Colleague: 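Structure incoming, see below.
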There are 2 protein chains.
Amino acid sequence: MSVTIKDIARLAGVSYSTVSKALNDSPLVQPTTKEKILKIARELSYQPNIAAKKLVSNKSKTIGVVWPTINRVALSTIVTMLNEEIEKSTYSMILSISKAEVAINMFKQFQVDGILVFESSHEIHNHSNTQIPITLIATSDSLYPSIDLRRGDAIYKAVEYLKSLGHRELAYIGHLRNDNDGQFEKYFGFTEALIRLGLNPRSEMFVNTEGLYADHGYQAMNKLLDSGYRPTAIVSGSYELTQGIIRATKEAGLRIPEDISLIGYDHIPQMGELEIPVTAVGVPSNLIAKTAVEMLFRYIDHPDEKPIVQRLEPEICIRETCRAIE
Amino acid sequence: MSVTIKDIARLAGVSYSTVSKALNDSPLVQPTTKEKILKIARELSYQPNIAAKKLVSNKSKTIGVVWPTINRVALSTIVTMLNEEIEKSTYSMILSISKAEVAINMFKQFQVDGILVFESSHEIHNHSNTQIPITLIATSDSLYPSIDLRRGDAIYKAVEYLKSLGHRELAYIGHLRNDNDGQFEKYFGFTEALIRLGLNPRSEMFVNTEGLYADHGYQAMNKLLDSGYRPTAIVSGSYELTQGIIRATKEAGLRIPEDISLIGYDHIPQMGELEIPVTAVGVPSNLIAKTAVEMLFRYIDHPDEKPIVQRLEPEICIRETCRAIE
DNA sequence: TTGTAGGCGTTATCAG
DNA sequence: CTGATAACGCCTACAA
């Protein structure tokens with residue numbers, strides 16, 4: 001059995017309602033008594049029972065985060081930032097790496113005040129009857145407040161930038177799946193940019209990676225290099241792909257950016273910490289985290305407002321991997 | 001206000017305890033009444049208040065995992081396996097990436113039934129008075145049940161294996177900090193192996209990385225290659241370091257294992273998925289996860305048993321990066 | 001078979 | 001300032 005305010009009350013020789021007040025730093029209790037109570041609480045390493053708190057106040061002061069894909073750098077970066085953001089407030093954050101449905105159920109049991117989810121909204125549609133405010137990160141949706149990362153615009157900006165540097169022979173290395181909206185948006189953004197910017201789209205310009213990790217990027221880049229088509233600039237679909245692309249490029253004896261320019265999706269600090277600081281596009285990870293938390297808090301406070309899709313503007317972060325050509 | 005069993009009771013014309021029983025499908029209530037109650041509950045779309053349920057049952061069937069370092073592959077691999085292992089049982093798993101003390105406090109508030117922690121025991125010593133069963137992964141300690149990964153033995157096995165292949169000029173690339181027991185164990189294991197196996201320890205054989213990530217390995221390997229000392233085999237302290245070492249080696253035009261052998265610490269599947277499948281030592285990650293969960297469950301069921309330090313035997317997983325020399 | 005009463009750990013509202 | 005006491009929603013003996 002864990003320690004409760006009653007235990008503290010007994011030891012302090014006061015009533016438990018006094019303990020409750022002292023613990024909540026109420027002005028209605030004498031500083032000396034307060035001090036004594038706090039001291040005992042500390043010694044017993046007392047922790048309030050959230051279930052009880054929730055029962056009476058209907059607040060648990062906790063946010064649950066659904067995070068099934070723990071091994072992508074961009075996502076874990078955002079998770080870290082979410083944690084920092086939430087710790088700044090009066091809330092705590094708990095994580096689940098189970099799939100969305102399982103995770104949400106568990107969070108319900110824990111009576112979290114709000115849920116943040118990375119997974120696509122398809123996974124959670126059967127939960128629309130839930131009372132708990134849910135906010136989606138990285139998937140726009142009309143049922144829940146969600147963030148639109150404008151991945152297409154991001155890639156568009158990348159192409160635009162490359163064009164401004166004189167590049168006309170490009171390639172996009174990414175994971176082209178139509179069952180994953182996020183990946184598809186980027187692919188589509190690339191196509192659209194080529195067309196709108198008057199760059200001739202050709203099939204060699206698209207390299208499918210079959211995955212989002214470094215090795216996929218490595219393989220894809222090698223495939224590209226073998227293909228005979230030699231673009232002057234590469235657009236990469238993720239941080240991990242970028243890693244693989246750099247490796248393949250180097251192994252082929254090509255220098256970045258002297259021989260080939262590179263720009264990657266995922267606006268995270270780590271892009272600048274690769275062996276060559278990589279120019280990147282995307283919504284900055286800290287902005288994503290900050291916005292997500294703000295939106296959720298807002299939704300918690302005003303559950304009746306209509307769910308909003310918050311657009312975030314992708315930015316380009318120029319580092320050292322793109323070079324102008326004549 | 002949401003609907004409670006009292007509302008149902010009023011509408012059904014019974015007492016609320018009868019409703020409670022009916023809802024829990026107790027045999028102590030007449031089928032007809034039960035039916036009626038269930039029907040009303042459905043109509044009102046009654047949702048039980050889990051906080052209240054929890055309060056009275058005082059069981060959460062949940063394990064909390066303290067995981068402050070989310071960006072090391074070996075750790076996230078183990079976390080994934082822990083989740084699988086725990087999902088097999090009747091328990092759920094929640095994670096916190098806050099530092100140990102904060103995380104443990106939060107878990108206490110949620111009344112988790114047990115806690116698994118990755119952090120070193122120093123961080124949690126002030127919690128020794130806690131009532132919740134805690135089990136340490138990857139740090140041996142006498143206050144809590146914990147797992148001893150025998151990192152020293154693992155490195156010893158690596159050296160032994162290399163010696164059996166004829167190598168005598170070795171190097172250890174790792175993070176030598178004496179404030180981190182785990183890293184120190186490996187370093188020490190290397191030294192001891194050299195001595196006990198009659199290989200002459202020399203200072204060039206130790207390369208300090210100043211960190212545990214790929215870039216640290218890359219820098220360290222370059223430093224080593226520049227130093228003039230040319231070992232025939234390298235022992236690496238972690239998965240990420242291994243990545244960096246491979247890159248540096250390749251860039252230097254050296255082939256693995258033809259020109260130099262490599263063996264890494266961290267017995268995780270990913271070691272076999274690098275561009276060259278890397279021979280590795282360590283306790284297999286799935287064994288670590290399985291053992292940790294077993295130990296914790298055992299501790300939960302028998303809280304009075306004396307905390308045990310469970311030794312796990314490191315294994316060597318031979319892949320393709322070590323070669324015999326004449 | 002049903003109802004009553006007590007309690008789970010907190011907070012909040014009153015009296016004293 | 002402090003202490004009873006009543007909620008919060010549910011479960012579970014124990015009584016009826």
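These numbers were taken from a predicted model, which means no experiment stands behind them. Note on naming: letters A, B, ... go to the chains in the order of the sequence lines (proteins, then strands), and numbering restarts at 1 for each one.
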Colleague: Can you tell which of D/dG9, C/dG3, C/dT1 lies closest to the side chain of B/Q30?
Modeller: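 Looking only at heavy atoms from C-beta outward on B/Q30, the closest nucleotide is C/dT1.
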Colleague: Can you check the A/L28 CG to C/dA12 C1' distance for me, whole Å?
Modeller: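 After rounding, the gap between these two atoms is 11 Å.
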Colleague: Considering non-hydrogen atoms only, spot the tightest contact between A/S45 and B/K108 and give its length.
Modeller: OG-NZ, 3.1 Å
Colleague: Would you kindly say whether B/S76 and A/N71 are connected by a side-chain donor-acceptor distance under 3.5 Å?
Modeller: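 Side chains of B/S76 and A/N71: no pair found under 3.5 Å.
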Colleague: Could you label the plane-to-plane angle of the A/W67 and B/W67 rings as parallel, tilted or perpendicular, counting under 30° as parallel and over 60° as perpendicular?
Modeller: parallel
Colleague: Looking at D/dC10, D/dC1, C/dC8, which one has an atom nearest to any side-chain atom of B/P48?
Modeller: D/dC10
Colleague: Does CZ in A/R298 sit with more than 12 non-hydrogen atoms of other residues, nucleotides or ligands closer than 6.0 Å?
Modeller: no
Colleague: Check the distance between C/dT10's C1' and B/Q109's CD and give it to me in whole angstrom.
Modeller: 13 Å
Colleague: Tell me whether the side-chain N/O atoms of B/S17 come closer than 4.0 Å to OP1 or OP2 in C/dG3.
Modeller: no
Colleague: Let me know the distance between CG of B/N58 and P of C/dC8, rounded to the nearest Å.
Modeller: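 One finds 10 Å between P of C/dC8 and CG of B/N58, rounded.
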Colleague: Which whole-number value in Å describes the distance from B/N49 CG to D/dA7 C1'?
Modeller: 13 Å
Colleague: Can you tell me the distance, in whole Å, between the CG atom of A/L23 and the P atom of D/dT2?
Modeller: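 These atoms are roughly 14 Å apart.
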Colleague: If you write DNA chain D from 5' to 3' in dot-bracket form, with Watson-Crick or G-U pairs under 3.5 Å, [ ] for crossing pairs and | for pairs with another strand, what do you get?
Modeller: ||||||||||||||||
Colleague: Looking only at the side chain of A/V56 (C-beta and beyond, no hydrogens), which of the listed nucleotides D/dC11, C/dT10, D/dG3 gets closest?
Modeller: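 Per side-chain heavy atoms of A/V56, the pick is C/dT10.
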Colleague: What nucleotide among D/dC10, D/dA4, C/dT2 has an atom nearest to a side-chain atom of B/V29?
Modeller: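 Of the candidates, C/dT2 comes closest.
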Colleague: Does any N or O donor sit under 3.5 Å from an N or O acceptor when you compare the side chain of B/K21 with the base of C/dG3?
Modeller: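 A donor-acceptor contact between them is present.
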Colleague: What is the distance, rounded to the nearest whole Å, between atom OH of B/Y46 and atom P of D/dG9?
Modeller: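 In whole Å, D/dG9 P and B/Y46 OH are 10 Å from each other.
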Colleague: When you get a sec, tell me which of C/dT11, D/dG3, C/dT2 is the closest nucleotide to the side chain of A/I5?
Modeller: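 Taking heavy atoms from C-beta onward, the closest nucleotide is C/dT11.
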Colleague: Can you tell me which nucleotide in D/dG9, D/dT2, C/dT11 comes closest to the side chain of A/T33?
Modeller: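 Closest nucleotide to the A/T33 side chain: D/dT2.
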Colleague: Heavy atoms under 4.0 Å, any strand shown: does A/S57 hit a base, just sugar-phosphate, or nothing?
Modeller: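 A/S57: no heavy atom of the nucleic acid under 4.0 Å.
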Colleague: Does OP1 or OP2 of C/dT2 have a side-chain N or O of B/S15 closer than 4.0 Å?
Modeller: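 It does not, given that no N or O in the side chain of B/S15 lies less than 4.0 Å from OP1 or OP2 of C/dT2.
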Colleague: So, B/K88 and B/E84, do they make that salt bridge, N to O below 4.0 Å?
Modeller: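 Between B/E84 and B/K88 there is no salt bridge, as every charged N stays at least 4.0 Å from the carboxylate O atoms.
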Colleague: Just wondering, more than 12 heavy atoms not from B/I308 lying within 6.0 Å of its CD1?
Modeller: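 No, because the 6.0 Å sphere around CD1 of B/I308 holds 12 heavy atoms or fewer from other groups.
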Colleague: With a cut-off of 6.0 Å (strictly less than), are more than 12 heavy atoms of other residues, nucleotides or ligands near CD of B/E294?
Modeller: yes
Colleague: Using a 4.5 Å cut-off on heavy atoms from C-beta on, say whether the side chain of B/I40 contacts that of B/L44.
Modeller: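 SC-SC contact between B/L44 and B/I40 confirmed.
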Colleague: Where the side chain of A/Y16 is defined as all heavy atoms beyond and including C-beta, which of C/dG3, D/dC8, D/dT5 is the nearest nucleotide?
Modeller: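 Nearest to the side-chain atoms of A/Y16, counting from C-beta on, is D/dT5.
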Colleague: Rounded to whole Å, how long is the line connecting atom CZ of A/R10 with atom C1' of D/dT2?
Modeller: 19 Å
Colleague: For DNA chain C, whose closest nucleotide is more 5', that of B/L55 or that of B/P31?
Modeller: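 Looking at the nearest nucleotide for each, B/P31 comes out on the 5' side.
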Colleague: Is there a side-chain polar atom (N or O) of B/T18 under 4.0 Å from OP1 or OP2 of C/dG3?
Modeller: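 Yes, B/T18 has a side-chain N/O under 4.0 Å of OP1/OP2 on C/dG3.
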Colleague: Starting from C1' on C/dC8, measure out to CD on B/Q111 and report it in whole angstrom.
Modeller: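 The distance from CD of B/Q111 to C1' of C/dC8 comes to 10 Å, rounded to the nearest Å.
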